[in-house]
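Everything below concerns the one structure shown next.
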Amino acid sequence: MSHEPSKTNFIRQIIDADIASGRIAAGGVRTRFPPEPNGYLHIGHAKSICLNFGIARDYGGQCNLRFDDTNPAKEDPEFVAAIEADVRWLGFDWGDHLYFASDYFEALYACAEELIAKGLAYVDDLSAEAIREYRGTLTEAGRASPWRERSVAENLDLFRRMRAGEFDDGARVLRAKIDMAAANINLRDPTLYRIRRAEHHQTGNAWCIYPMYDFAHALSDAFEGITHSICTLEFEDHRPLYDWLVEHVTLASRPRQYEFSRLTLQYAVTSKRRLTRLVNEGIVDAWDDPRMPTIAGLRRRGCTPAAIRAFCERIGVTKSDNLVEMELLDACIREDLDATAPRAMAVLRPLKVVLGNVAEDHVEYLALPNHPKDEALGERQVPFTRELWIDREDFAEHPPKGFKRLVPGGEVRLRGAYVIRCDEVVHDADGEVIELRASIDASTLGANPSDRKVKGVIHWVSARFGVPAEIRLYDRLFNVPFPDREEGDFLAFINPASLAIAQGVVEPVLAAADVGARFQFEREGYFCRDAREPARLVFNRTVGLRDAWSKVAGRT
RNA sequence: UGGGCCGUCGCCAAGCGGUAAGGCACCGGAUUUUGAUUCCGGCAUUCCCAGGUUCGAAUCCUGGCGGCCCAGCCA
């Protein structure tokens, strides 16, 4: 019995069968990850990346990184660079196999001429609106364009003049001649090329006609010798067109398309259109805002590549709805970080404690292990002084039932240090607790009192040596599980508490933390030194610790 | 109401005619100087429903029901 979910999936089973039947050689599987550089990669892309690169890795095959850059108006080289960085950061390597669909523009153009020559494509003069009308509806067949029966010679001439720039943008398109009555709308003479005078980030002004996705994608797969072209379910209806193209164009190889269901992460959105709005409308700071489900956002939040890979492994690959709870991602992050993150103490909502029986100038360095289970992570010196900060939530004047932290007259263990007793509570004029007077039991360093049980353990930071830090507490960006499915604008469901900023105090070692370094702040959660503001001491909460107490406390 | 696809625990998911894996979540309980981690135990007599085939059905057949996707010169 495995304790991990089975690593196979229906696509791997298809590949196994293809190898068994001899359709492909054992190490001959070739996949590709084909992003359009019109935005940043998100967690849904991570699923596809892990699938495609994972298959190539496990079968000794090859996975190409291919930018599907057929729409220059929406694309930007900034996104090309970000996508490459994100795929690498996730732990995958495309070797020499970095391609652009735009690398094939000349070859694709030749394929289009071949289709025209075979009488399988024609230049249509209809406007975009007219084409839509002629296409028919889901229940009614479409009608043939009046330009559908042009001669091969005329089509060739017109298409060449389209390329030469003789016509205005949108004046004509090249269409496949398939079947205007097809039940599958994708087969009702789909557009193959459009005229669009836009500077392309890779090809500059070399072209004024650009191929459509269906045309470019299928043929690019064939050019690259892709054996298994894996995409998401919404392209299932496009497969007959994919097959039609790959059949009617003279090609050296015959790729096949397979579809799996895309990931829907609850309490998040992953459509590029919506992510772009979040950025452009300033709802979040940028594509790498830690609340974004982008790879860059997850990275900045402190998530590890291993955690994302484990997540993608666990959600599986099927054709049924993949509506995954955020808790699964959180669990994967905690699992990785629990094993690898050094521990430290940070007080998020400081409350001063003055230890009456500790001398004013007393400084005692306590050697604390950086990890409870991994000695290799070493230890650090933590200064202990008369005045400390503890978290306000670790003290209660009127404790709820079951509270085992500090209370008036009660005792608690300071993590890694002494047991203290709260002797006095100092209030301000409004009755607010502003300070605690306490005393240590000097016999309890590294030892428990023999005559009584001290249940609670709280974390602390020396007031004299502690360092102020901004601590950003991130929560889910939306307050409904499926923002996309709600009525109205999805921005209405933004969680107003998705970011809470705390001005805390951290132990001295953290002042020297590298940017991007991850820690467990004991009893709080996992945090990462923010990489965007290296000049300041800012920590982002990656994920909180599992918290059984809040559940108990919440019940009463 | 055209076409395509999908329905196995709250979520994900194995299963591929021989009698329901696993993970997350949840609920106990043990250990613990993190209310963490770890550990141990519980958690689908039933697989959307109804018929049928079979010695035997989540798996095959038929008919329903429910959900998702498609009418860009986007990908």
Side-chain angles (χ1 to χ4, degrees), chain A residues 1-6 8-9 13 34-36 38 68 70-71 73-74 124 126-128 131-133 135-142 169-175 182-188 190-196 210 212-214 216-217 231-240 259 261 266 272-273 313-332 334-335 338-339 343 345 372-373 402-405 413-417 419 444 446-448 454-459 481 520-525 544-553:
Chain A
M1 289 303 110
S2 166
H3 286 275
E4 283 300 308
S6 64
T8 191
N9 57 52
Q13 289 175 346
E36 184 189 15
N38 66 346
D68 231 329
T70 55
N71 188 2
K74 290 190 176 172
D124 195 343
L126 250 28
S127 68
I131 286 181
R132 194 186 321 124
E133 283 164 29
R135 189 157 29 229
T137 68
L138 293 178
T139 52
E140 302 158 40
D169 284 13
R172 291 181 227 257
V173 293
L174 182 73
R175 292 228 258 168
N184 182 340
I185 287 181
N186 295 297
L187 262 19
R188 319 240 265 230
T191 301
L192 265 22
Y193 269 89
R194 74 282 213 191
I195 304 171
R196 175 99 74 250
Y210 291 98
M212 297 288 290
Y213 161 84
D214 287 296
H217 197 88
C231 63
T232 43
L233 241 30
E234 66 271 25
F235 293 103
E236 209 158 19
D237 288 343
H238 295 234
R239 194 171 63 226
E259 311 85 12
S261 51
Q266 296 187 19
K272 277 207 196 134
R273 206 192 125 260
E313 207 62 62
R314 289 183 197 190
I315 59 177
V317 177
T318 68
K319 299 183 77 156
S320 47
D321 291 345
N322 199 219
L323 315 173
V324 179
E325 294 172 334
M326 194 66 90
E327 283 81 353
L328 181 60
L329 212 210
D330 290 345
C332 292
R334 287 194 192 103
E335 188 175 293
D338 174 57
R343 314 285 121 127
M345 292 194 285
K373 291 177 183 172
F403 190 78
K404 57 182 204 188
R405 281 111 95 149
R413 158 78 62 185
L414 293 177
R415 174 70 162 158
V419 169
T444 56
N448 281 321
V454 177
K455 279 187 113 177
V457 179
I458 64 173
H459 56 97
Q520 184 199 91
F521 289 172
E522 293 209 48
R523 302 207 313 127
E524 290 289 354
L545 253 29
R546 213 172 250 110
D547 183 5
W549 165 245
S550 72
K551 278 181 205 160
V552 176

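Each chain gets a letter, A, B and so on, in the order its sequence line appears, and its residues count up from 1.
- A gap of 8 Å separates the C1' atoms of B:rU31 and B:rU38, to the nearest Å.
- A salt bridge links A:K319 and A:E236; the closest N-O separation between the charged side-chain nitrogens and carboxylate oxygens is under 4.0 Å.
- Heavy atoms of A:I131 sit under 4.0 angstrom from at least one base atom.
- Across the P atoms, B:rG67 and B:rU59 are found 22 Å apart, a figure rounded to whole Å.
- A:Q520 contributes a side-chain N or O that forms a donor-acceptor pair with the base of B:rU34 under 3.5 Å.
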Filtered N/O pairs between nucleotides 38-40 of chain B and protein, under 3.5 Å:
{"from": "B:rU38", "atom 1": "O4'", "to": "A:K373", "atom 2": "NZ", "distance (Å)": "3.3"}

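- Within the nucleic acid shown, A:H217 has no heavy atom closer than 4.0 Å to any nucleic acid atom.
- Under the salt bridge (Lys or Arg N to Asp or Glu O under 4.0 Å) criterion, A:R196 pairs with no residue at all, not counting sequence neighbours.
- Taking only side-chain nitrogens and oxygens, A:T444 never comes nearer than 4.0 Å to OP1 or OP2 of B:rU33.
- In this structure, A:F235 reaches the bases: a heavy-atom distance under 4.0 Å links it to at least one base atom across the strands shown.
- Salt-bridge annotation for A:E335 and A:R314: present, with a side-chain N of the basic residue lying under 4.0 Å from a carboxylate O of the acidic one.
- Nucleotide B:rG35 forms a pair with no other nucleotide shown, judged by Watson-Crick or G-U wobble geometry with both contacts under 3.5 Å.
- Note on A:L126: a base of the nucleic acid sits closer than 4.0 angstrom, heavy atoms only.
- Residue A:D214 is classed as having no contact, given no heavy-atom separation below 4.0 Å to the nucleic acid.
- The side chain of A:T318 contributes an N or O atom lying less than 4.0 Å from OP1 or OP2 of B:rA13.
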If the sugar-phosphate is the primed atoms plus P, OP1 and OP2 and the base is the rest, what is the B/S/- string for nucleotides 4-10 of chain B, using protein heavy atoms under 4.0 Å?
SSS---B

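- Phosphate contact (OP1/OP2 of B:rC70, side-chain N/O of A:R188, threshold under 4.0 Å): absent.
- Summarising the base pairing, B:rA50 is matched to B:rU62 through a Watson-Crick or G-U wobble pair whose two defining distances lie under 3.5 Å.
- Under 4.0 angstrom from either OP1 or OP2 of B:rA25 there lies no side-chain N or O belonging to A:R314.
- Under 4.0 angstrom from either OP1 or OP2 of B:rA13 there lies at least one side-chain N or O belonging to A:N322.
- Among the heavy atoms of the strands lying under 4.0 Å from A:V173 is at least one base atom, whether or not backbone atoms are also near.
- Across all strands, A:A447 comes closer than 4.0 Å to base atoms (heavy-atom distances).
- Here A:R135 lies in heavy-atom contact (under 4.0 Å) with sugar-phosphate atoms only.
- With a glycosidic angle no more than 90° from 0, B:rG72 adopts the syn conformation.
- With a cut-off of 3.5 Å on both Watson-Crick or G-U wobble distances, the partner of B:rC26 is given as B:rG42.
- Residues forming a side-chain contact (heavy atoms from CB on, under 4.5 Å) with A:D547 (at least two apart in sequence, or on another chain): A:W549, A:S550.
- Base engagement by A:F403 is indicated by at least one non-hydrogen atom pair under 4.0 Å involving a base atom.
- Looking at residues two or more places apart in sequence or on another chain, you find a ring pair (Phe, Tyr, Trp, His ring centres under 6.0 Å) between A:Y213 and A:H217, A:F235.
- One N or O donor and one acceptor, one from the side chain of A:Q13 and one from the base of B:rC16, sit under 3.5 Å apart.
- Across all strands shown, A:M212 has heavy atoms under 4.0 Å from sugar-phosphate atoms exclusively, and none from any base.
- Between the side chain of A:R523 and the base of B:rU34, no donor-acceptor pair of N or O atoms lies under 3.5 Å.
- No aromatic stack links A:Y213 and the base of B:rA75, using centre distance under 5.5 Å and interplanar angle under 30°.
- To the nearest 0.5 Å, atoms OG1 (A:T232) and CG (A:N322) are separated by 11.5 Å.
- For A:R239, the salt bridge (Lys or Arg N to Asp or Glu O under 4.0 Å) criterion is met by A:E259, not counting sequence neighbours.
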